[in-house]
Amino acid sequence: MPLPALATVADLATLLGRSFTPEQELQAQALLDQASSVVRSYVRQDITRATTTDTFTMRRADPVLHRCSGAVTLPQRPVVDIDTVSIDGTVTQDWWQDGNDLLLRSATWDQPPTANRPPRVTVTYTHGWDEVPGDIKTIVLQAANRVIVNPSGIRSETVGGESVTYLIPAVGEYLGVLLSRTEQKVLDRYRRTAGSVNLRSR
């Protein structure tokens, strides 16, 4: 199922102080969908609240330092709840959560089926925000608004004898729904970095 846009047509209408015709609403929704996809691709996060089942390759942990034999890092943030955990198909309750890390207390590495490979951990967990964070929503709206206000990407034009100059980044590129460097910097705190190896999800 496609993920919902990170801002609504009503949000965009409020930002612009105007209403949309049915045709304009369709265009606005398409732009919001595109901008939301760009944001999600950049931060590598779903952002909206969802429940996911993922399978990971367990990494070794220091049993003295971490009091466990293995760990995985859940990629989607924030982690709201962990439903089920299984190691190579066997459900286990012998785990605890530390932020986005799932620590497994008594996983074995030297017995079948993991004697020749790391254990595989399948986790069903709920993640994301009930309400989209305000700075993310603002960036999605700004991206959609750029196309609505200046669809051709021109720098300036003269209308009725008055010159209008549009805000174009210093690099001279027309962004459309793509992100500016400033927007990327704002989003960096949400961006996922390297973590557990994700094998598959459903």
Side-chain angles (χ1 to χ4, degrees), residues 1-7 33 35-140 143 178-202:
M1 179 182 296
L3 293 169
L6 297 171
D33 289 341
S36 298
S37 294
V38 168
V39 168
R40 286 188 169 108
S41 178
Y42 181 76
V43 299
R44 304 175 187 139
Q45 296 287 317
D46 291 348
I47 299 172
T48 45
R49 182 68 54 87
T51 298
T52 303
T53 298
D54 282 336
T55 299
F56 309 92
T57 296
M58 188 191 300
R59 66 179 186 273
R60 288 186 183 274
D62 186 326
V64 176
L65 182 62
H66 298 290
R67 297 178 291 114
C68 67
S69 59
V72 297
T73 298
L74 303 176
Q76 295 296 326
R77 300 187 301 234
V79 176
V80 177
D81 185 49
I82 297 176
D83 279 341
T84 60
V85 178
S86 62
I87 303 175
D88 288 312
T90 301
V91 175
T92 179
Q93 301 291 335
D94 199 12
W95 57 268
W96 72 97
Q97 178 189 350
D98 182 11
N100 267 60
D101 286 334
L102 178 67
L103 306 175
L104 298 125
R105 192 185 310 274
S106 58
T108 58
W109 292 74
D110 56 355
Q111 299 177 7
T114 61
N116 298 313
R117 61 167 175 77
R120 294 178 180 178
V121 183
T122 300
V123 185
T124 298
Y125 68 111
T126 301
H127 51 82
W129 286 268
D130 263 337
E131 293 187 13
V132 176
D135 47 359
I136 293 178
K137 180 183 288 188
T138 296
I139 287 171
V140 169
L178 300 181
L179 300 172
S180 69
R181 292 178 182 175
T182 299
E183 290 166 341
Q184 288 176 346
K185 288 180 180 179
V186 172
L187 292 171
D188 278 344
R189 73 188 188 97
Y190 298 101
R191 198 175 193 200
R192 187 177 81 223
T193 55
S196 298
V197 177
N198 176 238
L199 300 176
R200 63 180 181 273
S201 64
R202 63 178 183 272

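- At a threshold of 4.5 Å between non-hydrogen side-chain atoms, the residues Thr55 and Thr122 count as touching.
- Scanning all heavy atoms of the two residues, the minimum distance from Arg40 to Asp46 falls at NE-O, 2.7 Å.
- How far CD1 of Ile87 is from CG of Leu104: 4.5 Å, rounded to the nearest 0.5 Å.
- The CG atom of Leu187 sits 11.0 Å away from atom OG1 of Thr182, with the distance rounded to the nearest 0.5 Å.
- Formation of a donor-acceptor pair under 3.5 Å by the Asn100 side chain with backbone atoms of Leu74 is found in this model.
- With hydrogens and angles ignored, the 3.5 Å screen pairs no side-chain donor or acceptor of Arg192 with any backbone N or O of Gln76.
- A distance of 7.0 Å separates CD1 of Ile136 from CG of Leu6, quoted to the nearest 0.5 Å.
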- Message: With side chain to side chain contact (heavy atoms under 4.5 Å, CB included) as the criterion, how do Val121 and Trp95 come out once you've worked through the C-alpha distance, each side chain's angles and the decisive distance to 0.1 Å?
- Response: CA-CA 11 Å; Val121 183; Trp95 57 268; over 6 Å; no
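- In this structure, the side chain of Arg120 does not engage the main chain of Asp88 through any donor-acceptor pair within 3.5 Å.
- In this structure, Ile139 CD1 and Tyr190 OH are separated by 8.5 Å, a value rounded to the nearest 0.5 Å.
- Arg189 CZ to Asp135 CG: the interatomic distance, rounded to the nearest 0.5 Å, is 5.0 Å.
- Between Arg59 and Thr73, the side chains place a donor N or O and an acceptor N or O closer than 3.5 Å (distance only, hydrogens not considered).
- The structure places OG1 of Thr48 at 13.0 Å from CD of Glu131, a figure rounded to the nearest 0.5 Å.
- With Ser37 contributing its side chain and Asp33 its backbone, the two residues share a donor-acceptor pair below 3.5 Å.
- Looking at Val39 and Ile47, their side chains come closer than 4.5 Å, going by heavy atoms from C-beta outward.
- Looking at every heavy atom in both residues, Arg49 comes nearest to Gly128 through NE-O, 2.9 Å.
- Cation-pi geometry between Arg191 and Tyr42 is met: the NZ or CZ atom falls under 6.0 Å from the ring centre, inside 45° of the normal.
- Contact between Val72 and Met58 at its shortest, heavy atoms only, is CG1-CA, 3.8 Å.
- Classified by interplanar angle (parallel below 30°, tilted 30° to 60°, perpendicular above 60°), the ring pair Phe56/Tyr125 is tilted.
- Listed here is the closest heavy atom pair of Ala7 and Lys137: CB-CG, 3.8 Å.
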